[in-house]
Amino acid sequence: MSLVLTCLFDQGSLSRDSLEVLGAGKSIAAELGAELAAAVVGAETGAIGAAAGEYGASKIYAVQDAALAQYYCEGYLAALEAVCRECEPAVVLFVTNAPGREMAPRLAKRLGRTALVDCLSFNADKETGSIVFTKPVFGGKAMAQVAMSDAPAVVALRRRSFEPAQPEQAAAETIQVKPPAIPPNPFKLIERVEEQQAGVRLEDARVVVSGGQGLGGPENFALLEELAGLLGGAVGASRVAVDSGWVSSSKQVGQTGKIVAPDIYLAVGISGACQHLAGCSGSKVIVAINTDSEAPIFGAARLGVIGDYKEVLPPLIEKVKEMA
Amino acid sequence: MQIMVCLKQILDPELPPRDFRLEKGEMTPAAEGVPLVMSSFDQNALEVGLQLREKMAGATVTAVTVGPEGAEDVLRKALAVKADRAVRVPLEQDSKLSGGIVAGLLAGAARELGADLVLCGRQAGDWDGGQVGLILAEELGWPGANLVTGIEPGSGGLVLKCELDEGYEVLEGNAPLVAVVTNHETNVLRIAKVKDTMAAMRKKVEQINVAPQGGRLELASLEIPVKEVNCEIIPGEDGVEKANNLFKRLLELKVL
Amino acid sequence: MNFELDKELLFLKEMVRDLVQEKVAPRAAEIDEQDEFPWDIKEALAEHEILAMPFPEEYGGTGGKVLPMVIAIEEIAKVSASVAMIPSGQCLGSVAIILAGTEEQKQRFLPGLASGEKMCAYGLTEPNAGSDVGGMQSTAVLDGDEYIINGTKRFITFGNIADILTVFAKIVDKNTGEKKLSCFVVEKGEGLVVRNLEHKMGVKGTPTAELFFDNMRVPAANLLGAEGDGFKIAMQVLDKTRSEVAAQALGIAQGALDYAVQYARDRVQFGSPIGKFQAIQMKLADMEMKTQAARYLTYVAADKYDRKAHDRGKYSAIAKAFASDAAMYVTTEAIQILGGYGYSKEYPVERMFRDAKIQQIYEGTNEIQRIVIARSLLGRGF
């Protein structure tokens with residue numbers, strides 16, 4: 001039976017990204033009549049391997065080595081390459097997060113293929129074993145469908161586009177894989193700065209209040225922070241705000257930033273370029289607040305307020321405080 | 001230190017969606033009348049290269065593009081901001097998801113130029129492939145750093161600042177290496193000056209021929225999704241009224 | 001024969017557009033509202049060598065050709081006519097030196113202007129002498145190796161911030177009383193009093209001053225050309241700068257037209273974007289025809305000047321009159337297309353309308369331009 005291989009890099013417990021890739025993997029495997037497998041890499045892979053089994057993977061390919069305690073591209077690539085040569089999967093799945101973006105194209109190249117990054121959906125044909133993946137192109141103005149019929153199809157899935165896997169105990173078999181060599185990290189880590197997100201993480205927030213060019217400067221983000229805080233949400237930003245240095249890049253929502261799908265996405269002073277919309281189009285309700293009635297955001301939003309956010313947000317904040 | 005920066009010429013991604021059309025019967029966007037620009041992440045890569053050159057005595061920046069003669073315009077833009085050399089690897093326009101082929105051609109150019117550092121944008125603003133820089137690292141057999149926002153010379157080689165999903169890390173590595181660049185407030189491409197802009201037209205663009213090889217993906221279809229959105233404009237005479245009406249509506253929609 | 005702009009000029013256009021989008025667009029409305037000179041934008045223009053464009057390379061300029069200046073000014077004026085006045089004014093105030101100065105004078109005055117370190121102004125107009133240049137009353141009397149200048153100038157763009165001014169006054173012969181209209185380079189200093197900045201209808205943020213010369217002593221070495229060359233120099237200056245005024249008008253027209261087109265695509269009335277209504281389409285077509293005609297007349301006038309064509313004077317008059325009339329027409333129609341919104345200061349077209357009007361008046365009223373054109377057809381004696 002052919003294999004759908006999901007690549008998991010978590011330490012400790014399965015992240016939401018991993019659950020999404022397992023969920024997607026399960027669906028593809030079902031369509032192809034294939035088996036769901038997981039590749040787990042690290043210094044200690046037992047826990048993650050077991051967890052993957054609890055979420056439907058029937059084969060766990062584990063590459064366990066002290067040198068792989070922390071993620072680094074060259075080492076993890078060697079591990080995954082070894083796994084792929086061992087199990088010859090039909091499909092290899094990543095999530096389009098930082099490691100996935102890096103690994104998918106490089107692993108594909110090593111396996112003589114070309115990867116497809118940032119896929120939204122798929123359509124599998126059991127007869128031919130071919131899968132067609134859909135990926136947004138031209139900043140989201142068009143959808144490309146790519147037929148991947150040569151094994152392995154190496155794909156990185158867009159976050160928040162696939163249903164996370166449900167717990168489902170399968171009889172998971174663990175296969176230890178030893179790569180012929182684990183190259184050392186060619187880069188030396190000097191410093192790693194993890195942003196301490198006060199409050200909710202942007203990708204998990206049910207409410208996102210996002211600011212763009214219309215804010216004019218960093219100080220005006222305080223208003224957005226206040227509203228987000230009251231609603232138990234998070235603050236996001238457009239690329240313009242990030243490039244202008246008004247907020248840190250970790251707040252960038254968009255095709256090359258964070259993909260969010262909250263209940264409410266409040267776009268404040270954001271014109272609505274496609275690349276930005278790509279990051280928030282999964283939101284339940286997009287609300288646009290902008291003085292420019294011609295701004296493209298009004299073509300994508302469910303609710304629109306044509307006005308100055310400085311006049312609209314403070315009374316809105318008052319209403320929210322009243323509600324509490 | 002020879003810094004090679006890879007630049008792609010693309011149809012202007014700022015084209016509003018309502019003006020975006022596909023070529024009849026072809027799986028490509030209609031190009032007529034659409035301005036051609038340098039892909040934005042490549043602009044960031046160029047700025048990173050220029051800033052690094054300023055900090056390293058004897059370093060040079062070579063702008064390279066893969067494409068037809070018209071693509072030389074992006075090289076001229078690089079020359080206008082004082083890149084040292086401009087090189088085109090000829091390839092007749094065939095852009096669909098051809099990252100694998102382009103990476104192969106760029107690798108050939110890098111070898112012929114004797115580049116020490118290759119900079120690429122993280123993805124092109126048209127096909128959004130996100131491949132070239134990474135495949136290039138594989139082709140050349142060099143270390144590759146992803147989502148780089150800035151590079152400086154360090155005591156032990158090059159110091160690269162890289163974006164993580166939450167935060168950033170600072171790495172040190174030795175040339176030769178490939179850096180895939182993403183946008184940051186510190187790497188917005190500078191604007192040229194008048195004299196350099198006009199002189200760019202008169203400078204020489206070199207050509208390096210490389211035999212195409214490498215893989216590509218097969219495009220099954222290309223469609224413009226039909227979007228049904230009707231935006232409901234919240235009424236109100238002033239900010240207070242608009243805010244109240246918005247609040248009410250959000251409650252009605254059960255999202256608050 | 002190629003009627004398209006050279007690649008070189010297209011790159012220049014794009015570069016100026018990028019600069020304008022970054023530095024000018026965010027401030028255009030504010031500059032108009034606050035009516036204050038944007039020093040920071042002037043610095044940015046200097047840094048990117050826009051202010052060096054009027055000057056030959058040997059004095060720190062980028063060449064001094066008119067067509068590239070026209071391209072640059074048009075791009076700036078699309079977004080802010082006030083900011084477009086900065087390079088335009090820097091040219092107007094210095095051309096006399098470039099055309100009539102000695103090598104020594106050029107070396108002394110031009111580099112500081114080309115770098116943008118110093119600003120300049122053109123001191124021709126007086127309260128009682130606008131179109132009637134010959135009727136000016138300012139005087140200059142030789143005293144030793146200095147001229148003593150007395151008089152009043154009005155409507156002098158950048159008169160209050162200029163470090164260097166090219167001023168016109170009549171040299172009075174102490175013995176014969178004969179008057180010779182001449183041109184001087186005046187450096188800001190004692191005897192030059194700035195009074196009354198105008199409160200203008202448009203091009204706000206461009207200070208326009210009244211200058212009072214009170215026994216101001218100017219070195220005789222600052223005389224441009226010979227005594228009595230003043231009128232000739234004044235006309236030569238205007239021959240060159242008229243194309244730049246045309247470029248400003250052209251930019252204003254194009255900016256207003258672009259805005260109106262966008263609006264017509266988006267604004268829905270009676271269930272349809274108003275761009276579908278013939279009434280609007282007729283207006284837009286007329287606006288486009290006039291703007292394109294203005295464009296090519298302006299480019300041709302600039303090109304003729306650069307080629308030293310014998311009919312460059314006529315063409316610059318044609319371009320200036322036509323483009324400024326076109327700008328007035330286009331901005332008026334743009335307001336009409338926007339309806340109530342066009343009348344509101346929240347939208348830029350009313351500012352463009354106010355900025356357009358002056359283009360029909362200064363640097364030779366459109367009536368004077370028509371006389372220049374007519375005379376070029378009819379010949380001497382008319």
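To find a chain, count down the sequence lines: A is the first, B the second, and so on, and within it residues start at 1.
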Candidate pair Asn97(A) and Asp165(B), rule side chain to side chain donor-acceptor pair (under 3.5 Å), full reasoning: CA-CA 7 Å; Asn97(A) 50 18; Asp165(B) 284 327; 4.8 Å; no
If I measure from the heavy atoms of chain B, does Gln255(A) come under 4.5 Å with its side chain, its backbone, both, or neither? side chain
Could you check whether atom NZ of Lys55(B) has more than 12 heavy atoms from other residues, nucleotides or ligands sitting under 6.0 Å from it? yes
Side chain, backbone, both or neither: which part of Val240(B) has a non-hydrogen atom closer than 4.5 Å to chain A? both
Bottom line for Leu253(B): the part with an atom under 4.5 Å from chain A's heavy atoms is side chain
What part of Ala301(A) gets within 4.5 angstrom of chain B, counting heavy atoms only: side chain, backbone, both, or neither? both
Counting heavy-atom pairs under 4.5 Å with chain A, the top scorer among Leu160(B), Leu217(B), Asn174(B), Leu246(B) is Leu217(B)
Steps toward side chain to side chain donor-acceptor pair (under 3.5 Å) verdict (Ser249(A), Glu163(B)): CA-CA 8 Å; Ser249(A) 48; Glu163(B) 296 268 298; 2.8 Å; yes
Determine, for Lys109(A) against Glu139(B), whether the closest basic-nitrogen to carboxylate-oxygen distance falls under 4.0 angstrom. yes
Donor-acceptor contact present, side-chain Asp128(B) to main-chain Gly139(A), <3.5 Å: yes
Interface moiety of Lys251(A) toward chain B, non-hydrogen atoms closer than 4.5 Å: neither
Region of Ala145(B) that comes under 4.5 Å of a non-hydrogen atom in chain A: both
What part of Ile317(A) gets within 4.5 angstrom of chain B, counting heavy atoms only: side chain, backbone, both, or neither? neither
If only atom types and distance count, is the side chain of Lys141(A) paired as donor or acceptor with the main-chain N or O of Pro13(B) below 3.5 Å? yes
Closest heavy-atom contact between Ser244(A) and Glu185(B)? C-CB, 4.3 Å
Could you look at Val285(A) and say if it's the side chain, the backbone, both or neither that has a heavy atom under 4.5 Å from chain B? side chain
Under 4.5 Å from a heavy atom of chain B, the part of Arg113(A) involved: neither
Could you tell me whether the side chain of Val255(B) reaches within less than 4.5 Å of the side chain of Val207(A), counting heavy atoms only? no
Contacting region of Glu74(A) [heavy-atom separation from chain B under 4.5 Å]: side chain
Part of Lys258(A) within contact of chain B (heavy atom distance under 4.5 Å): side chain
Show your reasoning for whether side chain to side chain contact (heavy atoms under 4.5 Å, CB included) applies to Asn244(B) and Lys319(A). CA-CA 7 Å; Asn244(B) 288 336; Lys319(A) 284 302 287 204; 3.1 Å; yes
In terms of heavy-atom proximity below 4.5 Å to chain A, should Leu251(B) be classed as side chain, backbone, both, or neither? side chain
Between Cys274(A) and chain B, which part of the residue has a heavy atom less than 4.5 Å away: side chain, backbone, both or neither? side chain
So what's closer than 4.5 Å to chain B heavy atoms on Pro136(A): side chain, backbone, both or neither? backbone
Arg249(B) and Arg302(A), any side-chain heavy atoms less than 4.5 Å apart: yes
What's the shortest heavy-atom distance between Val137(A) and Trp127(B), and which atoms? CG1-O, 3.5 Å
Single hit among Asp308(A), Ile289(A), Val305(A) for side chain to side chain contact (heavy atoms under 4.5 Å, CB included) with Lys242(B): Val305(A)
Can you give me the closest heavy-atom contact between Leu116(A) and Gln131(B), atom names plus distance? N-NE2, 4.0 Å
Is it the side chain or the backbone of Leu158(B) that comes within 4.5 Å of chain A heavy atoms, both, or neither? neither
Select one option (side chain, backbone, both, neither) describing which atoms of Gln123(B) are under 4.5 Å from chain A's heavy atoms. side chain
Is a side-chain donor or acceptor of Arg101(A) paired with a backbone partner of Arg122(B) at a separation under 3.5 angstrom? no
Does any heavy atom of chain B fall under 4.5 Å from the side chain of Val287(A), the backbone, both, or neither of them? side chain
